[in-house]
Amino acid sequence: FSNHKGVDYYAKEAVDIYAAADGTVKEKTYRDDFGNVVVIDHGNGVFTRYAHLQEFTSGLAEGTSIKRGDVLGLMGNTSKYKVARHLHYEVLTGTWGAQAGS
């Protein structure tokens, strides 16, 4: 059992997920634990993670510049294990490699 380090937001329907602040897409991938996940680098050691997306917005790629309010994808329930539809949202701080796998 691991500590839950984020906040989960649930919805019955797939709704758009918006970037919390300006930044650059650091990671856009699938992980067994987070399903479809996007991480945005906001600079100064601050990152936000958006996990379990049903799908990514067309054209979203690592290195893409993001503005606050840009749509990243749709809320979903992707991961290796069964989860309810939700957004797992985290604010990460520090040097990127230190928390990338957590």
Side-chain angles (χ1 to χ4, degrees):
F1 178 75
S2 65
N3 240 355
H4 189 270
K5 298 177 182 177
V7 178
D8 291 337
Y9 298 96
Y10 293 85
K12 290 184 180 185
E13 302 298 323
V15 296
D16 287 338
I17 301 303
Y18 301 94
D22 296 355
T24 303
V25 176
K26 182 74 172 177
E27 180 180 49
K28 175 197 162 219
T29 192
Y30 176 88
R31 287 179 39 169
D32 286 347
D33 54 352
F34 285 132
N36 292 325
V37 60
V38 175
V39 175
I40 299 176
D41 181 348
H42 302 286
N44 299 313
V46 177
F47 307 87
T48 50
R49 178 166 18 217
Y50 307 79
H52 304 296
L53 300 180
Q54 177 176 307
E55 62 186 43
F56 300 110
T57 293
S58 178
L60 190 71
E62 291 178 5
T64 302
S65 291
I66 296 293
K67 294 290 185 193
R68 179 184 57 150
D70 283 354
V71 176
L72 303 175
L74 286 175
M75 182 183 287
N77 60 348
T78 58
S79 73
K80 183 178 177 181
Y81 51 90
K82 187 172 175 70
V83 295
R85 179 184 311 280
H86 73 286
L87 169 69
H88 174 85
Y89 175 76
E90 287 182 69
V91 176
L92 306 166
T93 59
T95 303
W96 174 245
Q99 80 288 65
S102 63

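Keep in mind it's a predicted model, so treat the numbers as computed, not measured. Throughout, residue positions are numbered sequentially from 1 according to the sequence presented.
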Non-hydrogen atoms of [X] and [Y] that approach each other most closely:
X   : Y   : value
G23 : I40 : CA-CG2, 3.8 Å
T64 : G59 : OG1-O, 4.0 Å
I17 : L74 : CG1-C, 4.0 Å
G35 : H52 : N-ND1, 4.3 Å
A14 : Q54 : CB-OE1, 3.6 Å
G73 : T57 : N-OG1, 3.2 Å

Lys NZ or Arg CZ of K26 over F47 ring: under 6.0 Å, within 45°: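 No.
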Using the rule that two of Ile, Leu, Val, Met, Phe, Trp, Tyr join whenever any of their side-chain heavy atoms come within less than 4.5 Å, decide whether [X] and [Y] are in one cluster.
X   : Y   : result
L53 : V7  : yes
Y50 : Y9  : yes
L72 : V91 : yes
V15 : L87 : yes

Nearest-0.5 Å distance that lies between atom CZ in R49 and atom CZ in R31: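 CZ of R31 is found 5.0 Å from CZ of R49.
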Shared-cluster residues of V83, by chain and number - hydrophobic side chains joined below 4.5 Å: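 Once heavy-atom contacts under 4.5 Å are chained together, V83 belongs with Y81.
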Main-chain N/O of R68 paired with D22 side-chain donor or acceptor, under 3.5 Å: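 Judged by distance alone, yes, a pair lies under 3.5 Å.
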Flag, side chain of E62 to backbone of V25, donor-acceptor distance under 3.5 Å: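 It does not hold such a pair.
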Residue pairs passing the ring pair (Phe, Tyr, Trp, His ring centres under 6.0 Å) test where at least one lies in residues 10-31, sequence neighbours excluded: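 For residues 10-31, and leaving out neighbouring residues, the ring pair (Phe, Tyr, Trp, His ring centres under 6.0 Å) pairs sorted by first residue read Y10-H86.
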Positive for side chain to side chain contact (heavy atoms under 4.5 Å, CB included) with I66, one of T48, T24, D41, L60: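 Answer after filtering T48, T24, D41, L60: L60.
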Verdict with supporting geometry, F34 and E90, side chain to side chain contact (heavy atoms under 4.5 Å, CB included): CA-CA 11 Å; F34 285 132; E90 287 182 69; 3.4 Å; yes
